[in-house]
Amino acid sequence: MTELSNPARSRALLIGAHSFTDPDLEPLPAVARNLDRLAELLRDPSVWGLDAGHLSVLAEPDRDQALGEAGRLADEAEDTLLVYYAGHGFVHDLSNELYLALPRTDPRRLYTALRYQDIRELLLGPQVRARRKVVILDCCWSGLALHGAMSATGLGGLSDIGGTFVLTATSETRTALAPPGETYTAFTGELIGALEKGVPEAPPLLTMTTLYRHLYDALVAKGRPTPQQRNGNTAGAIAVARNRHRPPVPGPGPEDAVTSATEEASVDPPPVDSPSAEEPPAEKPSDEDSSAQGPRVRLPGPRRRRTVVMASALVVAALGSLPAALNLIGGDGSDADADAKAKGNLTVTIGVSAPLSGDFASLGRGIRDSADLAVKKANADNAVPGVTFKIRALDDKGDLASGRRNATELVADRSVVGVVGPLNTSVAQAMQKTFHDAHLTQISPSNSDPALTLGDGWQQGTFARPYNTYFRTVANDTAQAPAAARYLYVKSKRRKAFVIDDKQTYGASLVQSFKKAFGEEGGAIVGESHVDAGRRDFSTQVSQAVNAGADVVYYGGLYDAAGPLSKQLHAASSGVLLAGGDGIFSDTYATVAGDGADGDICTMGGAVPDSLPSAETFIKDYKAAGYNSSYSSYGGYSYDATSALIQAFKSLHADPSDTVPSAKRESLRAAVQNVDFDGVMGKVRFDANGDAVSQTVTVYRLSGGAWKAVQA
């Protein structure tokens, strides 16, 4: 029977760092608010009821203060000892150990930070009488406390000792999050919400496992960093909070029940691990990954990677009734495999990798939610008897390093049979080999670079498919750019083009295709420029284009930069059009570009769902599902890509009692190659290179602030 940890015999230490003397460390005001509210809740008798003398809050300590207070409380605690940290995190360049920033930490001298291993050794000391321990780390790379490189050198988490639950805000390769404008950090905000309002359909006591599962569902549903955990023996049943949730009063009237964020999530958390759980090793981030990732610091030494750790999360969740090894696919004789057979039900995961945060989040969330809709439809229709589909959506932020890590993570998940995504061509290139080596099929709803399917020699007429696990449901640039060139030369009577690309694979490929096609139509390229993807001031390029006599500027890139470019271009010369590919097909582009942008054009592989009778049901169902995102440019293609994976799986899964080990991934790839059905966006079938057989391109013209089809 689960019991609340005795508040009279338990102790808690909350450590945080929100301001820093080093100018390279960004302040984290949310951390201070985290500590204040968590302390209030843990002292509240309706939550835990710790006496003020049994809860210590160190908002801005130095290293000796933190370790000294941890030692004092460890000497006193007899029941449960809870230690929580929130702030910046670092990974040591030589030992790969986790370090926790303090106010006077010098990132170039990590001995001025708090070493996680020191906390671990203190809590494992013979003088510690607490029979149960909970450690919560909310900082970037905090997953190093669980496994990965530290574990490999014997410096892993506390969970190698029975009765300990370790919870981290992220994995060992991911950053944590403090969303601008929000009161608390992402993880702690969800935790505080769970303690304040309770967890629906949970027992009266919130065990560590219960809280972990609630936090996992809530954060995944919002596309935020995924929490991790590990526990020893029955530590998942540690309870340090009462459940404040009260069910709604029956009958008509206002709803006062608290709705759990888990209802929005279509992804179940992985099983709560014990030290004996067998896991694939985590891939160590490479220096190339670090440079591509952004604010990440490898210290000490000249190659520092700066980690903006966002902080906090007290973690309480429950091992209790969670089925071990839930949703694993594998004919390895495991308990999960036997349980799936006994119930005649198998849970199969379709991975999704897309930018769920950052500049392209509106497109990425449309991809994710459309895939989710396809999965829900398949489950509702019992598309594959005995099988329940779900998605696992990972945020790739539109950058290469995150894409690589996502690929590694999805390959390691044995329940994943295929992947939808990513949005960006450059990210796809970073993922392709990882998926190919694991025989894991990926279908992108948006990539258009011909090299992904035709090889690097495609412009010279030499086609060689690089990876047979890669497919796409959208037309490639061999169709998009020529369609734009034809429309501009024939219908719009444009003769001189200035081209600009954003140095990304998508943009550069599009421009190269356009230059060739526009020349073949009879037009002239009067100049070109290459700019960084983050560029927003195009005054130099606009002057060059106008001075060269261009009557059209063709931009290879995405809407976030194309909008400002269009506005500046039309302010300088109202007679010059801006044109681009599907990357600028966005309402945001029209808003930023302004009234002067009427007449600008873009191309779209296939069509936008709104223009197709075949997409009417999809649009209706999407709106009825209540997603917060728009299906946008690629939602229909994402739905079709997900449906292709489901249909391919169905063709292999004749017996409902079957399990599908990861060895069957190669069979699934072959089945995807042979799918043939009518989808949301038209015929779904792939040629020998993995391209969609339908290479229809529609030209859209901006009119009255809205994109309108002018050519199919």
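These numbers come from a predicted model, not from an experiment.
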* **Test of ring centre spacing under 6.0 Å for Y467 and F435** => no

* So, do Y631 and F618 have ring centers that fall under 6.0 Å from each other? -> yes

* To do: Can you see which heavy atom on S370 is nearest to which on Y639, and at what distance?
  => O-CD1, 3.6 Å

* Got a donor-acceptor contact below 3.5 angstrom from the R365 side chain to the L356 backbone? -> yes

* Asked: Does A475 offer a backbone N or O that forms a donor-acceptor pair with the side chain of D691 under 3.5 Å?
  -> no

* To do: For residues P29 and H18, determine if any side-chain heavy atom of one lies less than 4.5 Å from a side-chain heavy atom of the other.
  => no

* **N/O donor-acceptor pair under 3.5 Å between Q695 side chain and N476 backbone** => yes

* S402 and K397: which non-hydrogen atoms are nearest, and at how many Å? -> OG-CD, 3.9 Å

* To do: Not counting sequence neighbours, which residues clear salt bridge (Lys or Arg N to Asp or Glu O under 4.0 Å) with D502? List them please.
  => none

* **Donor-acceptor under 3.5 Å (D598 side chain, G704 main chain)** => yes

* If we ignore angles and hydrogens, is there a donor and acceptor under 3.5 Å between the side chains of D537 and S539? -> yes

* Sub-3.5 Å donor-acceptor pair from the side chain of D372 to the main-chain atoms of I391, do we have one? -> no

* Asked: Is the shortest distance from a Lys or Arg side-chain nitrogen in R405 or D396 to a carboxylate oxygen in the other one below 4.0 Å?
  -> no

* Any donor-acceptor pair under 3.5 Å from N547 side chain to S543 backbone -> yes

* Do L219 and F187 touch side chain to side chain, with heavy atoms closer than 4.5 Å? -> yes

* Asked: Would R108 and D22 satisfy salt bridge (Lys or Arg N to Asp or Glu O under 4.0 Å), going step by step from the backbone distance to the final call?
  -> CA-CA 10 Å; R108 292 153 292 279; D22 192 287; 2.3 Å; yes

* Asked: With side chains defined as the heavy atoms from C-beta onward, is the minimum distance between D449 and Y506 less than 4.5 Å?
  -> no

* Asked: Does the ring center of Y99 lie less than 6.0 Å from the ring center of H92?
  -> yes

* Are S362 and Y559 close enough that a side-chain donor and a side-chain acceptor fall under 3.5 Å? -> yes

* Output yes when E521 and K491 qualify as a salt bridge under the 4.0 Å nitrogen-oxygen rule, no when they do not. => no

* Interatomic spacing from OG1 in T105 to CG in D24 - rounded to 0.5 Å -> 12.5 Å

* Taking all heavy atoms of D106 and all of T112, pick out the closest pair and write down the distance. => N-OG1, 2.8 Å

* How long is the span from the OH atom in Y634 to the CE atom in M681, to the nearest 0.5 Å? -> 11.0 Å

* **Gap separating the OH atom of Y637 from the CG atom of D582, nearest 0.5 angstrom** => 8.5 Å

* Taking only Lys NZ, Arg NE, NH1 and NH2, and the carboxylate oxygens of Asp or Glu, determine whether D600 and R701 approach each other closer than 4.0 Å. => no

* Pair E520 + K516: basic N to acidic O under 4.0 Å -> yes

* Is the closest side-chain heavy-atom distance between Y589 and S566 below 4.5 Å? -> yes

* To do: Any chance you could lay out the salt bridge (Lys or Arg N to Asp or Glu O under 4.0 Å) test for D560 and R536, step after step, and finish with the verdict?
  => CA-CA 9 Å; D560 60 323; R536 297 297 182 267; 2.8 Å; yes

* Within-4.5 Å side-chain heavy-atom neighbours: L373 and Y627 -> yes

* To do: Look only at the side chain of K433 and the backbone of A430, and say whether a donor-acceptor pair between them is shorter than 3.5 Å.
  => no

* Please tell me if the side chains of I367 and L423 come closer than 4.5 Å, counting only heavy atoms from C-beta onward. => yes

* To do: Report the relative orientation of the aromatic rings in Y489 and F518; use parallel for angles under 30°, tilted for 30 to 60°, perpendicular for over 60°.
  => perpendicular

* To do: If the plane angle is over 60° it's perpendicular, under 30° parallel, otherwise tilted; pick one for H88 and F20.
  => tilted

* Are the side chains of I500 and V531 in touch, meaning some heavy atoms are under 4.5 Å apart? -> yes

* Examine R465 relative to F471 and say whether NZ or CZ is less than 6.0 Å from the centre of the six-membered ring and inside a 45° cone about the ring axis. => yes

